[in-house]
Amino acid sequence: MTERKKPNNKRLILMIVLLAVVIALMWLLPDGSQPAAPATNAPKTEQTKNTNDAPDDIEATTLVKAGTQAPDFRVEMFDGTTFTLGSLRGKVVLLNFWATWCGPCREELSRVQKDIIDRFKGNEDFVFLPVSRGETRETVAAFREKMGYTFPMGLDPEQKIYRLYASNYIPRNFLIGKDGKVISATIGYEAPEFDELILLIERQLNSAN
């Protein structure tokens with residue numbers, strides 16, 4: 001009489017477990033694909049011009065063009081004083097929007113003392129008006145102390161002034177003539193363009209009223 005083999009319970013259990021895993025995978029991934037990674041559409045925090053941006057898209061963010069009247073505004077300066085752009089009528093004004101986190105802004109500001117402040121020192125017909133966009137007085141104060149800047153700076157913590165002129169991108173320069181109209185509007189920082197802006201300021205100051 002031959003001995004009857006006992007069923008292999010371990011093998012049966014293993015097969016059941018594998019079958020359960022396959023069914024679970026089929027239920028979760030019916031098309032056999034991997035779950036998609038979550039989309040990363042977080043908004044940019046550094047809105048600086050770069051070579052990947054389309055020129056037309058950048059230009060569309062400029063709300064005040066050359067030849068148009070510069071929108072009036074009241075600005076509070078770092079020292080606590082306030083004034084309006086309209087009160088500067090009759091002067092050439094270079095309105096500059098910047099931020100402490102912006103690399104091109106910092107590069108541009110590093111030229112300001114020598115190429116703007118010192119160059120046009122004593123000329124009462126010219127005002128350089130850098131306005132910090134979207135930052136607190138404390139942030140600007142720390143930046144000024146770190147960099148050793150002492151020239152006047154305006155504050156625009158809620159971007160109310162900035163939004164009159166643009167919807168995106170810094171640094172920005174708006175050169176405003178004695179008649180209150182915008183002469184030039186530039187975006188980003190490039191050394192040759194900044195050199196041209198300085199020459200344009202000189203021509204405006206030397207021109208007849």
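Worth saying up front: this structure is predicted, and the values here are computed from it rather than measured. Keep in mind that the numbers below use all heavy atoms, side chains included, and drop hydrogens, waters and symmetry copies. The chain is numbered in sequence order, starting from 1.
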### Message
Could you check whether any side-chain heavy atom of T61 comes within less than 4.5 Å of a side-chain heavy atom of R172, counting everything from C-beta outward?
### Response
yes

### Message
Within the structure provided, determine whether L197 and L94 are in side-chain contact (heavy-atom separation under 4.5 Å).
### Response
yes

### Message
Between I201 and I116, does the side chain to side chain contact (heavy atoms under 4.5 Å, CB included) criterion hold? Intermediate values first, please.
### Response
CA-CA 10 Å; I201 293 171; I116 299 291; 4.2 Å; yes

### Query
What pair of heavy atoms forms the shortest contact from N173 to E108, and how long is it?
ND2-OE2, 2.9 Å

### Message
Could you check whether any side-chain heavy atom of I117 comes within less than 4.5 Å of a side-chain heavy atom of F128, counting everything from C-beta outward?
### Response
yes

### Task
Could you tell me the separation between the OG atom of S132 and the CE atom of M77, rounded to the nearest 0.5 Å?
11.0 Å

### Task
Mind running side chain to side chain contact (heavy atoms under 4.5 Å, CB included) on W101 and T139 for me, showing each step along the way?
CA-CA 10 Å; W101 51 260; T139 298; over 6 Å; no

### Message
To check you understand the geometry: which heavy-atom pair defines the closest contact between L164 and P71, and what is its length?
### Response
O-CG, 3.9 Å

### Message
I'd like to know if the side chain of E135 and the backbone of T100 have a donor-acceptor N/O pair within less than 3.5 Å.
### Response
yes

### Summary
When rounded to the nearest 0.5 Å, the distance separating CG of L200 from CD of E193 is 11.0 Å

### Query
Side chains of I176 and L88: does their closest heavy-atom pair fall under 4.5 Å?
no

### Message
Could you check whether atom NZ of K65 has more than 12 heavy atoms from other residues, nucleotides or ligands sitting under 6.0 Å from it?
### Response
yes

### Spacing of NZ belonging to K121 relative to CD belonging to Q113, to within rounding of 0.5 Å
8.5 Å

### Query
Which distance, rounded to the nearest 0.5 Å, do you find between the CZ of R89 and the CG of D179?
7.0 Å

### Query
Just by modelled atom types, is the R133 backbone N or O under 3.5 Å from a matching donor or acceptor in the D156 side chain?
no

### Query
Which pair of heavy atoms, one from M153 and one from W98, lies closest together, and at what distance?
SD-CZ2, 3.4 Å

### Query
Looking at I161 and L155, what are the two nearest heavy atoms and their distance?
CD1-O, 4.4 Å

### Summary
Minimal heavy-atom distance between D72 and G86, with the atoms involved, is OD1-N, 2.8 Å

### Message
Return the CG to CG distance between L175 and N96, rounded to the nearest 0.5 Å.
### Response
11.5 Å

### With T68 via side chain to side chain donor-acceptor pair (under 3.5 Å) - residues at least two apart
none

### Query
Does the distance from a Lys or Arg side-chain N to an Asp or Glu carboxylate O, for R111 and D195, drop under 4.0 Å?
yes

### Task
Verify the ring-centre separation between F174 and Y165: is it less than 6.0 angstrom?
yes

### Message
Donor-acceptor pair, distance only, cut-off 3.5 Å: does the side chain of D125 make one with the backbone of L205?
### Response
no

### Task
First locate atom CG of L129, then atom CZ of F97, and finally report the distance between them rounded to the nearest 0.5 Å.
8.0 Å

#### Entry: Non-hydrogen atoms of K91 and E124 that approach each other most closely
NZ-O, 2.6 Å

### Query
So, do V92 and F120 sit near enough that their side-chain heavy atoms are less than 4.5 Å apart?
no

Just distance, no hydrogens or angles: give the donor-acceptor pairs under 3.5 Å from side chains in residues 142-152, sequence neighbours left out.
residue: R144; atom: NH1; partner: F151; partner atom: O; Å: 2.7
residue: R144; atom: NH2; partner: T150; partner atom: O; Å: 3.4

